[in-house]
Amino acid sequence: SQPFIEAIRQVGREVGPGNALYIHVTLVPYLKASGEHKSKPTQHSVKELQGLGITPDIIILRCDEPITDPGIFRKISNFCNVKPERVIENMTVPVLYEAPTMLDRSNFSQIVCDALGLDAPVIPELKDEWKNMIASIHACNKTVRIALVGKYVKLHDAYISVVESLKHGGYVHGTDIDIKWVDSEFITNENAAEYLGDVDGIIVPGGFGNRGIEGMIASAKYARENNIPYFGICLGMQICVIEYARHVCGLADANSSEIAPETTNPVIDIMPDQKHITEKGGTMRLGQYPCNVIPDSKLMAAYGEDLIYERHRHRYEFNNDYRQLLTDCGLVISGTSPDGYIVETVEVPENDFYIGVQY
């Protein structure tokens with residue numbers, strides 16, 4: 001706790017008295033046996049902080065069950081020396097995006113303004129779009145199961161942006177997304193059906209290093225051969241290129257030079273004009289880049305535009321030395337840099353949806 005305490009003090013020193021607001025978020029345990037919440041942990045934690053010279057302006061009570069006893073709020077207010085209206089309940093909600101509306105009902109915005117001495121004549125209101133989004137989430141009446149195949153699946157937050165994007169895609173179509181977390185280290189060509197046979201789609205997100213790569217390749221192969229929708233992002237795009245080169249083009253040892261530097265067929269490699277750069281950061285493609293989209297592609301159907309802009313964070317690219325071979329074997333390059341040199345996206349046209357994007 002000491003670094004946290006010193007950080008709070010430093011903020012106070014920098015902004016000066018009256019300009020800092022300390023919001024203390026604390027867990028209020030609920031005892032099912034007695035059917036009551038306990039305020040003592042909150043009282044003790046605040047007392048300890050006050051002994052160190054840190055006094056909260058607002059206390060937010062995290063809880064899994066609604067706090068129905070007004071005495072809990074009163075006790076915390078009295079013993080922690082915080083105004084009663086500044087003790088706010090923050091209950092766990094089934095949908096993350098309901099949290100702002102819950103705080104809005106507690107008049108949180110106005111309380112913060114009052115605590116900071118800010119004159120805010122217009123009380124903030126959540127826009128109808130936000131409320132409509134929450135309503136659409138609760139109205140979902142279908143379910144799609146997506147396998148997320150990766151090497152960091154034990155820590156779900158490692159893929160939080162991918163998961164939330166999938167969920168939002170589902171909300172638009174009235175569909176709940178059921179994520180099946182699949183550890184790529186355990187997948188092989190022989191058991192892929194056991195892991196992936198019950199899903200509606202497969203997504204392989206980004207990552208670095210060689211752990212779990214063969215399992216991702218097996219997943220891409222299973223998706224391609226069984227016409228299961230596949231979406232490869234960054235590393236996931238490189239995986240489907242490797243898989244296609246191996247099992248369609250006949251390059252048995254095709255790989256990425258990042259994963260297997262000794263491979264004789266590096267279908268994924270550092271661009272030739274970057275290989276002389278020794279500082280690692282210099283070889284990474286970071287930030288937003290334009291991408292030309294070819295007509296009549298799945299990518300065009302998804303975007304509806306022939307020029308898109310997407311963000312990148314990677315070092316290795318599609319190796320143009322294998323461009324002719326892969327396209328002759330049927331792989332479609334559906335997106336490139338505006339000069340046509342860098343391959344950004346690939347597709348398998350005979351499948352309903354099989355796309356890899358380098359961004």
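Values below: all heavy atoms of this structure, side chains included; hydrogens, waters and symmetry mates excluded.
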### Query
Given the rule in the side chain to side chain donor-acceptor pair (under 3.5 Å) test, do His312 and Gln288 qualify, once you have shown the distances and angles that lead to the verdict?
CA-CA 6 Å; His312 296 66; Gln288 183 173 267; over 6 Å; no
### Query
Would Tyr289 and Ser337 satisfy side chain to side chain contact (heavy atoms under 4.5 Å, CB included), going step by step from the backbone distance to the final call?
CA-CA 8 Å; Tyr289 287 85; Ser337 56; over 6 Å; no
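- Both Tyr354 and Leu196 sit in one connected hydrophobic cluster of ILVMFWY residues. Membership requires side-chain heavy atoms under 4.5 Å apart, directly or through other members.
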### Task
Determine, stepwise, if the pair Val46 / His24 fulfils side chain to side chain contact (heavy atoms under 4.5 Å, CB included).
CA-CA 8 Å; Val46 172; His24 185 66; 3.6 Å; yes
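- The shortest non-hydrogen separation linking Tyr159 to Pro205 is CE2-CG, 3.3 Å.
- Atom CG of Asp296 has 12 or fewer neighbouring heavy atoms from other residues, nucleotides or ligands inside a 6.0 Å radius.
- Nearest heavy atoms, Ala220 versus Ile239: CB-CG2, 4.0 Å.
- Interatomic distance, Met216 CE to Cys240 SG, rounded to the nearest 0.5 Å: 12.5 Å.
- Remark: the Asp269 side chain and the Ser257 side chain contain an N/O donor-acceptor pair separated by less than 3.5 Å.
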### Residues Thr92, Arg62; criterion side chain to side chain donor-acceptor pair (under 3.5 Å); working and verdict
CA-CA 7 Å; Thr92 301; Arg62 284 289 291 111; 3.2 Å; yes
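- In the model, Thr101 has no side-chain atom that pairs as donor or acceptor with a side-chain atom of Asp104 under 3.5 Å.
- A salt bridge is defined here as a Lys NZ or Arg NE, NH1 or NH2 lying under 4.0 Å from an Asp or Glu carboxylate O, and Lys38 with Glu36 meets this definition.
- More than 12 heavy-atom neighbours from other residues, nucleotides or ligands sit within 6.0 angstrom of CZ on Arg145.
- Dense packing is recorded around NZ of Lys180, with more than 12 heavy atoms of other residues, nucleotides or ligands lying under 6.0 Å away.
- Hydrophobic clustering places Phe353 together with Ile203 (ILVMFWY residues linked when any side-chain heavy atoms are closer than 4.5 Å, directly or through intermediates).
- Side-chain atoms of Arg315 and Ile270, non-hydrogen and from C-beta on, do get closer than 4.5 Å to each other.
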### Message
Between Glu305 and Met300, does the side chain to side chain contact (heavy atoms under 4.5 Å, CB included) criterion hold? Intermediate values first, please.
### Response
CA-CA 6 Å; Glu305 298 178 17; Met300 176 63 79; 5.7 Å; no
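- Of the inter-residue distances, the one linking Leu166 atom CG with Ile177 atom CD1 reads 6.0 Å to the nearest 0.5 angstrom.
- Between Glu65 and Lys32 there is no salt bridge, since none of the side-chain N atoms of the basic residue sits less than 4.0 Å from a carboxylate O of the acidic one.
- Put simply, the side chain of Asn78 does not reach to within 4.5 Å of the side chain of Phe73, judged on heavy atoms.
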### Query
When you look at Arg105 and Glu98, which way does the salt bridge (Lys or Arg N to Asp or Glu O under 4.0 Å) test go after all the steps?
CA-CA 11 Å; Arg105 288 193 296 271; Glu98 288 187 83; 5.9 Å; no
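- Residues Val25 and Val87 do not share a hydrophobic cluster, clusters being chains of Ile/Leu/Val/Met/Phe/Trp/Tyr side chains in contact below 4.5 Å.
- The backbone N or O of Gly335 sits nowhere less than 3.5 Å from a side-chain atom of Asn292 that would complete a donor-acceptor pair.
- Using a cutoff of 4.0 Å between basic side-chain nitrogens and carboxylate oxygens, Glu185 and Arg211 are scored as salt-bridged.
- Nearest heavy atoms, Ser256 versus Ile242: N-CD1, 3.7 Å.
- A salt bridge is absent between Asp352 and Lys298: the closest approach of a Lys/Arg side-chain nitrogen to an acidic carboxylate oxygen does not fall below 4.0 angstrom.
- Put simply, the side chain of Asp328 never gets that close to the backbone of Cys249: no donor and acceptor are under 3.5 Å apart.
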### Task
Take Thr336 and Ile342 through the side chain to side chain contact (heavy atoms under 4.5 Å, CB included) test and state the conclusion after the steps.
CA-CA 5 Å; Thr336 67; Ile342 300 175; over 6 Å; no
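- In this structure, Arg224 is not positioned above the aromatic face of Tyr222 in the sense of NZ or CZ being under 6.0 Å from the six-membered ring centre and within 45° of the axis.
- For the atom pair CD1 of Ile217 and CD1 of Ile259, the computed distance is 6.5 Å after rounding to the nearest 0.5 Å.
- Checked by atom type and distance alone, the side chain of Glu258 never pairs as donor or acceptor with a backbone atom of Phe208 at under 3.5 Å.
- To the nearest 0.5 Å, the span separating OG on Ser77 from CZ on Arg74 amounts to 9.5 Å.
- Atom NE2 of His173 and atom NZ of Lys142 lie 8.0 Å apart (nearest 0.5 Å).
- By the 30° and 60° cut-offs, the orientation of the rings of Trp181 relative to His156 is parallel.
- Side-chain contact between Thr26 and Ile59: present, with at least one pair of heavy atoms (C-beta onward) separated by less than 4.5 Å.
- Under the 4.5 Å side-chain criterion, counting only non-hydrogen atoms from C-beta, Val241 is not in contact with Gln238.
- Note: Tyr97 and His168 meet the aromatic proximity criterion, with ring centroids under 6.0 Å apart.
- Side-chain contact between Ile58 and Val82: absent, with no pair of heavy atoms (C-beta onward) separated by less than 4.5 Å.
- Tested against Glu214, the residues Arg246, Lys151, Lys221 include a single salt bridge (Lys or Arg N to Asp or Glu O under 4.0 Å) partner, Arg246.
- If you take CD1 on Ile294 and OG1 on Thr345, they are separated by 7.5 Å, rounding to the nearest 0.5 Å.
- A 4.5 Å side-chain heavy-atom check between Ile76 and Leu61 finds at least one atom pair inside the cut-off.
- Using a 4.5 Å cut-off between side-chain heavy atoms of Ile, Leu, Val, Met, Phe, Trp and Tyr, with links allowed through other members, Phe231 and Val348 fall into different hydrophobic clusters.
- In this structure, the side chains of Arg313 and Cys234 stay at 4.5 Å or more apart for every pair of heavy atoms.
- Both Tyr316 and Tyr244 belong to a single network of hydrophobic side chains, linked directly or stepwise wherever heavy atoms of I, L, V, M, F, W or Y lie under 4.5 Å apart.
- The heavy-atom pair separating Ala223 from Ile202 by the smallest distance is CB-CD1, 3.8 Å.
- Considering all non-hydrogen atoms of both residues, Cys63 and His37 come closest at CB-NE2, 4.1 Å.
- Between the side chains of Thr264 and Asp253, at least one donor N or O sits under 3.5 Å from an acceptor N or O.
- Of the possible polar contacts, none joining the Glu344 side chain to the Val357 backbone as a donor-acceptor pair under 3.5 Å is found.
- With hydrogens and angles ignored, the 3.5 Å screen pairs no side-chain donor or acceptor of Thr42 with any backbone N or O of Lys40.
- Counting non-hydrogen atoms of other residues, nucleotides and ligands closer than 6.0 Å to CD of Glu48 gives a total of 12 or fewer.
- Residues Asp114 and Glu85 are not in side-chain contact: their nearest non-hydrogen atoms beyond the backbone lie 4.5 Å or more apart.
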### Task
Give the intermediate values and the outcome of side chain to side chain donor-acceptor pair (under 3.5 Å) for residues Asp64 and Tyr30.
CA-CA 8 Å; Asp64 292 326; Tyr30 177 74; over 6 Å; no
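- In this structure, a donor-acceptor pair under 3.5 Å is present between the side chains of Glu310 and Tyr303.
- In plain terms, the two heavy atoms of Ala260 and Asn255 that are nearest each other are CB-ND2, 3.6 Å.
- Between the side chain of Ser184 and the backbone N or O of Gly212, at least one donor-acceptor pair lies under 3.5 Å.
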